[in-house]
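All values reported here derive from a predicted model rather than from experimental measurement. For this chain, numbers begin at 1 and follow the sequence in order.
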Amino acid sequence: MSFRFKQFFVEDSRCAMKVGTDGVLIGCWPLAIDHWPIHRVLDVGTGSGLVALMLAQRCPEAQIDAIDIDDAAVEQARENFIHSPWSDRLDAFVSPLQDWQSGPYELIVSNPPYFQNSLKNPDKGRQTARHTDTLSYVELLQHSARLLTEDGQLALILPAEAEAEVREKTTPHGLSLTHVTRVYSKESKPVRRVLLQFEKSTTSRRPLAISPKEDTLILEDDKGGRSRDYQELTKDFYL
């Protein structure tokens, strides 16, 4: 299926995980982009390349590497990159994060595998894309910290129930949580997803134990349409 955005389109027919709200959110949300120029970005678990394409649009000076362990997804991401306005700044590679040696990066983003204790999907591609068997949260934090520049940013979208676990595991890796956005489908529903932004600091000039900014995002209004805040967040991308 093809999805057309304002400046690019995405084909995801050969990807285990399809274009969805989670990808759009993590492509729109990282606020580090608004504060200083970003020159190198890594998209972990790129799938169709949606997030990498969104970041290419947002970061006009950035070279963006996109990695995934699924060969078919990487092939499709490459095709989507070639047909975009930023083909000279986008590259896709078949590689697990644990083996990736490029960098360092000022920004790493990921919509990672997130089911840890649920039944496995019989479709092996979707199982790999959705379960943490191939990339645990600890590995994601550890290797992201390894690849980040000093003061580099890591932005993740996770299930709400994973927030406490991930926050507990950041400090040993020199990562400080700076921003939390809790995502609700509707105001009356429980929190669905959480967007987390971390900053790497290995020096004493910036304390790791700081209070992060915390806010919320509601996706739908009371009529079932896109909320005003969601429209504002995605205005540069949705037609």
_Run Leu53 and Phe81 through side chain to side chain contact (heavy atoms under 4.5 Å, CB included) and show every step you take._
CA-CA 7 Å; Leu53 286 160; Phe81 294 168; 3.9 Å; yes
*Indicate yes or no for a side-chain donor-acceptor contact from Lys200 to the backbone of Gly174 under 3.5 Å, with no hydrogens or angles considered.*
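Flag not set: sc Lys200 to bb Gly174 has no pair under 3.5 Å.
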Heavy-atom check, side chain of [X] versus side chain of [Y], under 4.5 Å:
X	Y	answer
Val183	Asp22	no
Leu97	Leu42	yes
Arg167	Pro212	yes
Leu25	Leu233	yes
Lys235	Glu232	yes
Thr149	Asp151	no
Glu214	Arg182	yes

How close do [X] and [Y] get, heavy atom to heavy atom, and via which atoms?
X	Y	answer
Ile218	Ser185	CG2-O, 4.2 Å
Glu163	Val194	OE1-CG2, 3.8 Å
Ser48	Asn80	O-ND2, 2.8 Å
Arg58	Trp29	NH1-N, 3.7 Å
Asn111	Gly23	ND2-N, 3.9 Å
Gln76	Cys15	OE1-SG, 3.3 Å

*Distance-only polar pair, side chains of Asp91 and Gln63, donor-acceptor under 3.5 Å*: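 Yes, side-chain donor-acceptor contact under 3.5 Å.
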*Compute whether any side-chain donor of one residue and acceptor of the other, for Glu11 and Ser13, lie under 3.5 angstrom apart.*
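A pair is found: one side chain offers a donor N or O, the other an acceptor, under 3.5 Å apart.
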_Audit row: Ser102, Arg40, side-chain hydrogen bond (donor to acceptor under 3.5 Å, both in side chains) steps and yes/no_ = CA-CA 10 Å; Ser102 190; Arg40 294 204 70 186; 3.0 Å; yes
*Give the ring-plane orientation class for Phe5 versus Tyr238, where under 30° counts as parallel, over 60° as perpendicular and anything between as tilted.*
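If you compare the ring of Phe5 with that of Tyr238, the planes turn out parallel.
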*asked:* Evaluate Glu220 against Lys189 for salt bridge (Lys or Arg N to Asp or Glu O under 4.0 Å), listing each step before the verdict.
replied: CA-CA 11 Å; Glu220 296 181 14; Lys189 299 289 186 180; over 6 Å; no
*Give the intermediate values and the outcome of side chain to side chain contact (heavy atoms under 4.5 Å, CB included) for residues Asp12 and Leu50.*
CA-CA 9 Å; Asp12 68 358; Leu50 168 65; over 6 Å; no
*Please answer: with hydrophobic residues joined when any side-chain heavy atoms are less than 4.5 Å apart, are Tyr230 and Val191 in the same cluster?*
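No, separate clusters.
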_Within a 6.0 Å radius of atom NE2 on His39, are there more than 12 heavy atoms belonging to other residues, nucleotides or ligands?_
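Yes, NE2 of His39 has more than 12 neighbouring heavy atoms, counting only those of other groups under 6.0 Å.
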